[in-house]
Structure formats: C-alpha cells, structure tokens
Amino acid sequence: MTNQWRITKTIDTDQPADRLFDYLSRWDNVVEWDPTAFFGRKLSPGEPAVGSRFVITLRFGWRPVPMTYTIVRMERPRLLELEGRGAHFRALDHIRLTDTASGCRLTYEVVIRFDRHQNPVASRIGRYLFDRYARTTIRRLQRMIDGSASPPALSPVTRMADRAILPGLIGFTRLGHILGKRRRPVASALYVGRTMVLTGGTSGIGRAAARELVHRGANLVVVGRDGEKLKGLLDELGRLKNGGWIETERADLSLMAEVRRLADRLMRRHKRIDVLINNAGALFNRYGQTDEGVERTMATDLVSPYLLTVLLLPALKAAGSARVVNVASGGMYTQGMRAGMLDAEPADYDGPTAYARAKRGLVMLTEDWGNRWADFGIGAHAMHPGWVDTPGLEASLPAFHRQVAPLLRTPEQGADTIVWLAASPDAQRASGRFWLDRKIRATHVFRHTANSGKDRRDLIRALDTLTGMAAKT
Ligand SMILES: NC(=O)c1ccc[n+]([C@@H]2O[C@H](COP(=O)([O-])OP(=O)(O)OC[C@H]3O[C@@H](n4cnc5c(N)ncnc54)[C@H](OP(=O)(O)O)[C@@H]3O)[C@@H](O)[C@H]2O)c1
C-alpha cells in the first residue's frame, strides 16, 4: 500500500502576490484556515526566512498531533516550501504564487509521507479524510483572502438566541466563544502594511488585541494615558513584531482637549489611517465630572470615541477602504439612549446604567456611520467582547467578577472579534452592524431600547454641540 498522499489545488485572487506571500510565510497563521490546526506559534525570532521554525498542533478527532514545521525554501514573493515533522509522518507544503491580470494565482501542493507502511483499510479512510480536509482548507483560505460569496447577515437562529436572553447570556461566556469556534468565519490575511490606531491598548482586551495585531504584521499606533504602561507595552510588542512598526501615543481620552491634540499628532504623522479601534472605556460606579464638566462615563465611553473618529475622518477617507471598530458592550441591551441622557444629574446617576447608555450610544453612532460613510469606503463596526476577565471588569464590578470568574473569557477570546473586524473583507460588506464572535448579533432584545433615525441624528447633533464639531460631519 502506498505510503505517500499528494494533493494540489489552485486559488485565483485579486490580491497582490507579495501581500499574500508575507501572510503565508508566517506559517503559524495556518490556524486561521486549516480546520485541523488549533494552535500555532513561531519558534524562531525575526522575520520568516529559510530555517524559521513553527510549532503547529493539529487535531484529528480528539487526538492532538504536534508538528514542527521548518521553512526549507523561500523566494519572496513566488515560492514557499515548508517541511513538517510529526511522530510518524512528514508533510511537505509547497506554495507557488504567479501573477495574473487581476492579481495572482496560488498553487498549493501538500505531500504527506509516512515513515511506516499502513494497513490498507486505515490508509483508505485516512486518504478520504485527507482529501476532505484539504478541500475545506483551500476553501477557507480562499474565503480568508477574498471574503465569502454572500455578505454576512443576522441569522434567524442567532436572533432567537439573543432574544431568548439565557442562550444570549451563555454566548457572553468563555463557553459561548468555544462552542462557536467551528462555525466561525475565517480571519483575513490582510493586516500587513495597514496602519491601525488602537485606544486603550495598555490593559485587558486592548492589550490582547495589540499583541495579535502586531503578530499579524499590522502597523500599530497604541494610545494610552499612562507613560510607564506604554513603555512596558512597547517592549512586549517589540518582541512579537512581525514586519510592521509600532508607535505609542499618550492621551487622557476623557478630555476633549487631549483628544484634539492626539488627533492633530496622528494626522500630522499619518496621512492615511486604515483602521481606528475605539476600545478605551471604563465604568465608574460613582458620579464624577471631568475637568471639562462632562460626566466621566459619557466622556470616556461615548464623547471621546465620537470626537476622535470625526477628527480622524480625513485620514480614514484617504485610506480608501478604512474601517472604524467600536468596542461596545452586551450591557447596552438593557438601555436605550437619547440626546438628553448625555447629561445625567448626580442624584439620578447609576454607573452600570450610564455605561450601558454610553455603549448603546456608540452602537447608534456605528449604525449612522455605517449608512453615511459607505460612499467614502469607510466601514463602521460595533462589537461586544463578551464577559472578559480584565482589570477593568474586576475594578468596576468586583462582585460580578467573583461570581462568574470560571465562566469569564480570556482577554484573547474577548479581543478575537476586534482583530477579525480590523481586516475581514466580509465585515466590510456589512457595515453598521453589531458583532459578537465574528457574527452579526441583534441590537435590541427589549422594545424600550429601540431608536429611530431621528434619535440617532439628535444624538449626533448633541455630541456635535458638546464637542464643538457642529456641521462638520
Ligand atoms: N471586560 C469585559 O467584560 C467587557 C465587557 C464588555 C465591554 N468591555 C469593553 O471593552 C473595552 C476594554 O475594557 P477592558 O475590560 O479591557 O478594561 P481595562 O482592562 O480597564 O482596559 C481599559 C483600557 O482603556 C484605557 N482607558 C480607560 N480610560 C481611559 C482614558 N480616560 N484615557 C485613555 N485610556 C483610558 C485603560 O487605560 P489604563 O491601562 O491606563 O487604565 C485601558 O488601557 C472597554 O471599552 C470596555 O467597556 C469590556
């Protein structure tokens, strides 16, 4: 019986060969498109080169199969060859990229060689599964590069789960993240060379997103308010860097004056910004005002992302196909938002309510921008990370943090959809929506939270008046 399996597939895409090559040469990215791969890490430091090694763990059924891959040939951007070693077999992955009139053609050949002869029945079953996995892998790789054939939409099952509250809440936990993994749309290959600005990257979800974006080769500007934390983060990200560059910017985002100065600096340094991620946020249990006289929760969670996004609009327009990712919260399901709520009276203040309203406001902005900014090629996306174990959650809701501790997601799980939205071609075809775990979710589960186009415009007018941006957006 043969002890070698071989399969060859081709993909035609409108992406340039060098961009695709850079992505594929970071072989640990294979976890995104190979359904059998669930863990991948680069073992060698620096840029991928001949000799670079990767550890990839595959899973067949419940059995983990650890593999070590080495780049054995590399001619950028045409040819990439890797050799993988498992316990009883070797894999040779040979990838060739050739230019076409509209982009490039990727030819992918995999050869599996077994160290021992196999029994004929096991070999036949194995061969059948290998063909199936190879077809799925290539389909996922194609989708990751070009997006799906049809734009994503809110599925009736998801809508029902959201409305039924309990399944919706289970979806917020680490279980929800793990259960949805198999059917999750694949991530894009297109991070390299893109300039991304991320606020609140010094802690929790933002820090995990920063690590992943840098690992995927993005050029990243991280905004934080604490110089020491930014310095530590820069050291950490420097070790993970994968071809892109990293910068840090310091600003207290609860203050409009600081947001303006930050936007000025960013606009001077970067003519184009491909992705803005408004992640910084906080929940204050006690009423307080900023030095500019704005209630702190609204200032940090709604006014600041609004002002920063609007000020950066020229750089987002200049990018051609930019996107804004707003980190909202499932808490917003409990509240509606109106312009008059920007200004809570101290006696009426309740931290979780103010937080939920601010996040609802952020989703309303996303819906409005999704409509109005399509002509500029700008996608606007709101997401919620689920319930995530972060310093922010522990400080603001200590009792809740203690009670649901075993169910909380890791910061990486919380950041997954942010990172996905930053580059997915699919997401860009469904602008103005609200996402969890790479899927569109319902924006309302209670009738009292509904809002109209007029409510959204009134909110924007009030934000314009507060920030002095009137008539500019
Ligand atoms: N954790 C959850 O379960 C959960 C659920 C739903 C939504 N979210 C949202 O996810 C986002 C990240 O939260 P997290 O849980 O990762 O919290 P976190 O650990 O407290 O991180 C929040 C980040 O925002 C920054 N930040 C806060 N106020 C700022 C200000 N005035 N100026 C500049 N930066 C400021 C923080 O800076 P410092 O490092 O200096 O504090 C930190 O980097 C927030 O928008 C939050 O509302 C979280």
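Model, not experiment: these values are computed from the prediction. Whatever order the structure lists ligands and atoms in, that order sets their numbers, starting from 1. The figures here come from the full heavy-atom set of this structure, side chains too, leaving out hydrogens, waters and symmetry mates.
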Any ion pair linking [Y] and [X] (charged N to carboxylate O, less than 4.0 Å)?
X      : Y      : value
Asp389 : Arg409 : no
Glu32  : Arg26  : no
Arg456 : Asp458 : no
Arg268 : Asp264 : no
Glu412 : Arg211 : yes
Glu247 : Arg269 : yes
Asp301 : Arg360 : no
Asp22  : Arg76  : yes
Asp455 : Arg338 : yes

Any side-chain heavy-atom pair of [X] and [Y] under 4.5 Å:
X      : Y      : value
Thr353 : Gln335 : yes
Thr202 : Lys231 : no
Pro35  : Thr137 : yes

What protein heavy atom sits nearest [atom], and how far off is it?
atom                    : value
atom 41 (O) of ligand 1 : Arg225 NH2, 2.8 Å
atom 3 (O) of ligand 1  : Val388 N, 2.8 Å
atom 25 (C) of ligand 1 : Gly200 CA, 3.7 Å
atom 5 (C) of ligand 1  : Gly386 O, 3.2 Å
atom 31 (N) of ligand 1 : Asp252 OD1, 2.9 Å
atom 12 (C) of ligand 1 : Asn279 OD1, 3.3 Å
atom 10 (O) of ligand 1 : Val327 CG1, 3.4 Å
atom 20 (O) of ligand 1 : Gly392 CA, 3.1 Å

For [X], the ligand 1 atoms whose distance to one of its heavy atoms is below 4.0 Å:
X      : value
Thr202 : 37 (O), 38 (P), 39 (O), 40 (O), 42 (C), 43 (O)
Lys229 : 38 (P), 39 (O), 40 (O), 41 (O)
Trp387 : 3 (O)
Ile205 : 1 (N), 10 (O), 15 (O), 16 (O), 48 (C)
Tyr355 : 6 (C), 7 (C), 8 (N), 9 (C), 46 (C), 47 (O)
Thr300 : 28 (N)
Ser203 : 18 (P), 19 (O), 21 (O), 39 (O), 42 (C), 43 (O)

Q. Does Gly224 reach ligand 1 with a nitrogen or oxygen that is under 3.5 Å from one of the ligand's nitrogen or oxygen atoms?
A.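 No: no nitrogen or oxygen of Gly224 is under 3.5 Å from one in ligand 1.
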
Could you tell me whether ligand 1 has any atom less than 4.0 Å away from a heavy atom of [X]?
X      : result
Pro391 : yes
Gly331 : no
Lys359 : yes
Ala328 : yes

Q) Which residue pairs satisfy the ring-ring contact (aromatic ring centres under 6.0 Å, His included) criterion with at least one member in residues 222-274, sequence neighbours excluded? A)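 Residue pairs with at least one partner in residues 222-274: Trp245-His270.
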
Q.
Regarding atom 24 (O) of ligand 1: of the candidates Gly204, Gly206, Ala280, which has the closest heavy atom?
A.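 Going through Gly204, Gly206, Ala280 one by one, Ala280 has the nearest heavy atom to atom 24 (O) of ligand 1.
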
Q: Going by heavy-atom distance to atom 32 (N) of ligand 1, choose the closest among Leu253, Leu408, Asp389.
A: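 Considering heavy atoms of Leu253, Leu408, Asp389, the nearest to atom 32 (N) of ligand 1 sits in Leu253.
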
Q. Counting N and O atoms only, with roles assigned by atom type, does the side chain of Tyr333 sit under 3.5 Å from a partner on the main chain of Ala442, one being a donor and the other an acceptor?
A.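 Yes; judged by distance alone, with no hydrogens or angles, the pair exists.
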
(Q) One residue to check: Ala251. Relative to ligand 1, which of side chain, backbone, both or neither has a non-hydrogen atom less than 4.0 Å away? (A)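 For Ala251, the contact with ligand 1 is made by the backbone alone.
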
